[in-house]
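Data first, discussion second: the structure below is written as structure tokens.
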Amino acid sequence: DVIRSVCDPWIEDEQDNPLPYSVLAEAYSGKTNEHQKAIHLLDKGIALLLQGKLRFHNDVSGFRTQTYLPGWYKKRAEIHIHSGNMARALADIKAAQAFELEARPEYFETEGKIWQKLGLYDRAQGAWLEALKLGSQEAENSLQKIYMERHGNVEGFEAYLSKTLEKQKRAGSEEKEMAPDFDVTTLEGESLKLSDLKGKVVVLNFWFVGCAPCRVEMPGLNTLTDEFKNEDVVFVAFALDDSDALKEFLKLKQFKYRIVPGAGKIASIYVVKVFPTHVIISKSGQVEFTLTGGSEDRHEQLRPLIKNLLR
């Protein structure tokens with residue numbers, strides 16, 4: 001009731017603003033008997049996002065529109081699952097995956113649930129495997145349940161999983177782009193060339209000193225470098241700032257990545273438009289994952305991606 005009392009006049013005042021529709025839909029989605037209202041509101045909100053209407057409400061760059069779209073499609077998919085409309089749910093989760101700026105495991109987890117409810121276990125397995133590759137904690141349990149239903153026990157599951165992941169990795173490698181090479185010198189005077197790092201997982205971070213989200217994720221990233229210090233992983237931070245600015249910054253805040261100053265050209269080569277951005281490169285030199293934005297738990301999202309590439 002409180003949320004409705006806020007959103008109803010908000011919608012009346014700003015009928016072309018997608019946000020109040022989404023906020024009210026979220027409130028209704030928690031009530032089974034109000035699911036149709038939630039879907040109706042999300043229909044309206046998504047339509048306004050697709051029309052670019054949020055650009056008139058403080059989203060000048062369009063980045064928030066790109067960020068919201070996949071999440072709203074996923075929310076609508078989840079409501080359709082609860083309502084038993086699997087066709088609409090599948091269409092929405094596929095749209096969420098298409099609009100997502102970075103591959104996220106929860107979108108494939110939801111797809112796996114839909115296929116499983118439809119009794120299409122091969123397709124459910126494919127979605128769960130993709131979720132597992134992206135670091136899903138839930139995916140392995142779901143894959144084990146499918147294996148159990150097919151074989152009557154879990155004997156041989158680990159061997160099956162390793163073989164399937166390896167096969168998936170080989171098939172997917174044909175579609176991946178090779179990471180652009182670079183030949184740079186770090187703040188400490190170390191020479192780094194990507195072509196010399198073949199056989200290692202390379203984690204790139206694009207950032208700058210004045211970027212608040214960049215600073216927020218640093219403590220977690222430092223933890224990550226400690227965890228993988230004895231593994232074949234190289235962490236490189238490409239900063240837009242010059243050496244003097246970086247040295248002053250590092251007096252106040254620790255950052256354990258190998259830092260490269262004045263790396264605006266490298267950011268352009270990697271088509272980085274949002275800071276911070278992480279790019280993860282496989283041992284064979286292919287771009288495997290790109291993650292945009294910074295948060296305190298970014299290292300939690302990076303960890304399983306790196307581990308899977310080290311397998």
Item to check | Whether Phe157 and Tyr160 hold their rings parallel, tilted or perpendicular, with breakpoints at 30° and 60° | outcome: tilted

Item to check | Residue pair Gln97 / Glu111, side-chain donor-acceptor N/O under 3.5 Å | outcome: yes

Checklist entry - How many angstroms lie between atom CG of Leu310 and atom CG of Leu305, to the nearest 0.5 angstrom? => result 11.0 Å

Next on the checklist: Just to verify, what does Glu78 make a side-chain hydrogen bond (donor to acceptor under 3.5 Å, both in side chains) with, not counting sequence neighbours?
Outcome noted: Lys74

Checklist entry - Given the rule in the salt bridge (charged side-chain N to carboxylate O under 4.0 Å, His left out) test, do Asp1 and Arg4 qualify, once you have shown the distances and angles that lead to the verdict? => result CA-CA 5 Å; Asp1 290 340; Arg4 185 169 55 236; 2.5 Å; yes

Checklist entry - If every non-hydrogen atom of Ala139 is compared with every non-hydrogen atom of Leu132, which pair is closest and at what distance? => result CB-N, 3.6 Å

Item to check | Any donor-acceptor pair under 3.5 Å from Ser22 side chain to Pro18 backbone | outcome: no

Item to check | Nearest non-hydrogen partners of Thr185 and Pro261, listed with the distance | outcome: O-CD, 3.8 Å

Next on the checklist: If we ignore hydrogens and angles and just use 3.5 Å, is the side chain of Arg76 paired with the main-chain N or O of Ala38 as donor and acceptor?
Outcome noted: no

Next on the checklist: Using 0.5 Å steps for rounding, measure from the CD1 atom of Ile280 to the CD atom of Gln286.
Outcome noted: 14.0 Å

Checklist entry - Around Arg123, counting heavy atoms of other residues, nucleotides and ligands shown, do more than 12 lie under 6.0 Å from its CZ? => result no

Item to check | Any residue meeting side chain to side chain contact (heavy atoms under 4.5 Å, CB included) with Val23, in chain and number order, not counting sequence neighbours | outcome: Ile3, Cys7, Trp10

Item to check | All side-chain hydrogen bond (donor to acceptor under 3.5 Å, both in side chains) counterparts of Gln51, not counting sequence neighbours | outcome: none

Next on the checklist: Suppose the criterion is ring pair (Phe, Tyr, Trp, His ring centres under 6.0 Å): which pairs have a residue in residues 90-129, not counting sequence neighbours?
Outcome noted: Tyr73-Phe99

Checklist outcome for this item: The salt bridge (Lys or Arg N to Asp or Glu O under 4.0 Å) partners of Lys229 (sequence neighbours excluded) come to none

Next on the checklist: For Asp92, is there an ion pair with Lys75 - N to carboxylate O distance below 4.0 angstrom?
Outcome noted: no

Item to check | Residues, nucleotides or ligands: over 12 heavy atoms within 6.0 Å of Lys145 NZ | outcome: no

Item to check | Separation between CD1 of Ile114 and CG of Leu90, rounded to the nearest 0.5 Å | outcome: 5.5 Å

Checklist entry - How far apart are the closest heavy atoms of Trp207 and Ala237, and which atoms are they? => result NE1-CB, 3.4 Å

Item to check | disulfide bond (SG atoms under 2.5 Å apart): pairs with one or both residues in residues 30-146, sequence neighbours excluded | outcome: none

Next on the checklist: Holding to side chain to side chain contact (heavy atoms under 4.5 Å, CB included), I want the full list of residues that pass it with Ser61, two or more places apart in sequence or in another chain.
Outcome noted: Asp59, Phe63

Next on the checklist: Using 30° and 60° as the class boundaries, would you call the ring planes of His35 and His82 parallel, tilted or perpendicular?
Outcome noted: tilted

Checklist entry - At what distance, to the nearest 0.5 angstrom, does CG of Asn308 lie from CG of Leu134? => result 8.5 Å

Item to check | Euclidean distance, Tyr147 OH relative to Gln125 CD, rounded to 0.5 Å | outcome: 10.5 Å

Next on the checklist: Test of understanding: with salt bridge (Lys or Arg N to Asp or Glu O under 4.0 Å), list the residues that count as partners of Glu138, not counting sequence neighbours.
Outcome noted: Lys113

Checklist entry - Of all heavy-atom pairs between Val234 and Lys200, which one has the smallest distance, and what is that distance? => result CG2-CD, 3.6 Å

Checklist entry - Less than 4.5 Å apart, any side-chain heavy atom of Leu302 and any of Leu221? => result yes

Next on the checklist: If the condition is side chain to side chain contact (heavy atoms under 4.5 Å, CB included), which residues does Leu250 pass it with, not counting sequence neighbours?
Outcome noted: Leu187, Phe255, Ile259

Next on the checklist: More than 12 heavy atoms of other residues, nucleotides or ligands under 6.0 Å from CD of Glu300: yes or no?
Outcome noted: yes

Checklist entry - Have Thr186 and Glu188 got a donor and an acceptor in their side chains that come within less than 3.5 Å? => result no

Next on the checklist: Test of understanding: clusters of I, L, V, M, F, W, Y form through side-chain heavy atoms closer than 4.5 Å, transitively. Do Ile269 and Val184 belong to the same one?
Outcome noted: yes

Next on the checklist: Does any part of the side chain of Val201, heavy atoms only, come nearer than 4.5 Å to the side chain of Lys283, both counted from C-beta?
Outcome noted: yes

Checklist entry - Does one side chain, of His57 or Asp16, offer a donor that lies under 3.5 Å from an acceptor on the other? => result yes

Checklist entry - Between Ser162 and Ala159, is there a donor-acceptor pair closer than 3.5 Å when you use the side chain of the first and the backbone of the second? => result no

Item to check | Any donor-acceptor N/O pair, Arg258 side chain to Val236 backbone, under 3.5 Å | outcome: no

Next on the checklist: Donor-acceptor check, side chain of Asp181 to backbone of Ser195, threshold 3.5 angstrom: yes or no?
Outcome noted: yes

Checklist entry - Taking the side chain as C-beta and beyond, is there a heavy-atom pair between His80 and Ile39 under 4.5 Å? => result yes

Item to check | Heavy-atom side-chain proximity of Leu309 to Glu288 below 4.5 angstrom | outcome: yes

Checklist entry - Can you find a heavy atom in the side chain of Leu192 that is under 4.5 Å from one in the side chain of Glu190? => result yes

Next on the checklist: So Leu42 and Ile79, do their side chains get closer than 4.5 Å, heavy atoms only?
Outcome noted: yes

Next on the checklist: Applying disulfide bond (SG atoms under 2.5 Å apart) as the test, list every pair that has at least one member in residues 211-245; sequence neighbours left out.
Outcome noted: Cys211-Cys214

Item to check | Spacing of OG1 belonging to Thr65 relative to CG belonging to Leu49, to within rounding of 0.5 Å | outcome: 5.5 Å

Checklist entry - Is it true that Leu19 and Ile46 fall in one hydrophobic cluster, defined by side-chain heavy atoms closer than 4.5 Å? => result yes

Checklist entry - Who are the side chain to side chain contact (heavy atoms under 4.5 Å, CB included) partners of Asp196, not counting sequence neighbours? => result Lys193

Checklist entry - Going by atom types only, do Asp297 and Ser295 share a side-chain donor-acceptor pair under 3.5 Å? => result yes

Checklist entry - Does the side chain of Leu291 reach to within under 4.5 Å of the side chain of Gln301, using non-hydrogen atoms? => result yes

Next on the checklist: Show every ring pair (Phe, Tyr, Trp, His ring centres under 6.0 Å) that has at least one partner inside residues 222-241, sequence neighbours left out.
Outcome noted: Phe182-Phe238, Phe206-Phe238, Phe235-Tyr257

Checklist entry - Which pair of heavy atoms, one from Glu26 and one from Ser29, lies closest together, and at what distance? => result O-OG, 2.7 Å

Checklist entry - Does Asp226 CG have over 12 foreign heavy atoms under 6.0 Å away? => result yes

Next on the checklist: Regarding Arg150 and Asp122, does a basic nitrogen lie under 4.0 Å from an acidic carboxylate oxygen?
Outcome noted: yes

Item to check | Donor-acceptor contact present, side-chain Thr277 to main-chain Lys273, <3.5 Å | outcome: no

Next on the checklist: Keeping Arg64 on the side-chain end and Leu54 on the backbone end, is there a donor-acceptor pair under 3.5 Å?
Outcome noted: no

Checklist entry - Which heavy-atom pair separates Glu296 from Val216 by the least distance, and what is that distance? => result CG-CG1, 3.5 Å

Item to check | Heavy atoms of other groups near Glu12 CD, more than 12 under 6.0 Å | outcome: no

Checklist entry - Given side chains that start at C-beta, do those of His299 and Glu217 come closer than 4.5 Å, heavy atoms only? => result no

Next on the checklist: If we ignore hydrogens and angles and just use 3.5 Å, is the side chain of Asn205 paired with the main-chain N or O of His278 as donor and acceptor?
Outcome noted: no

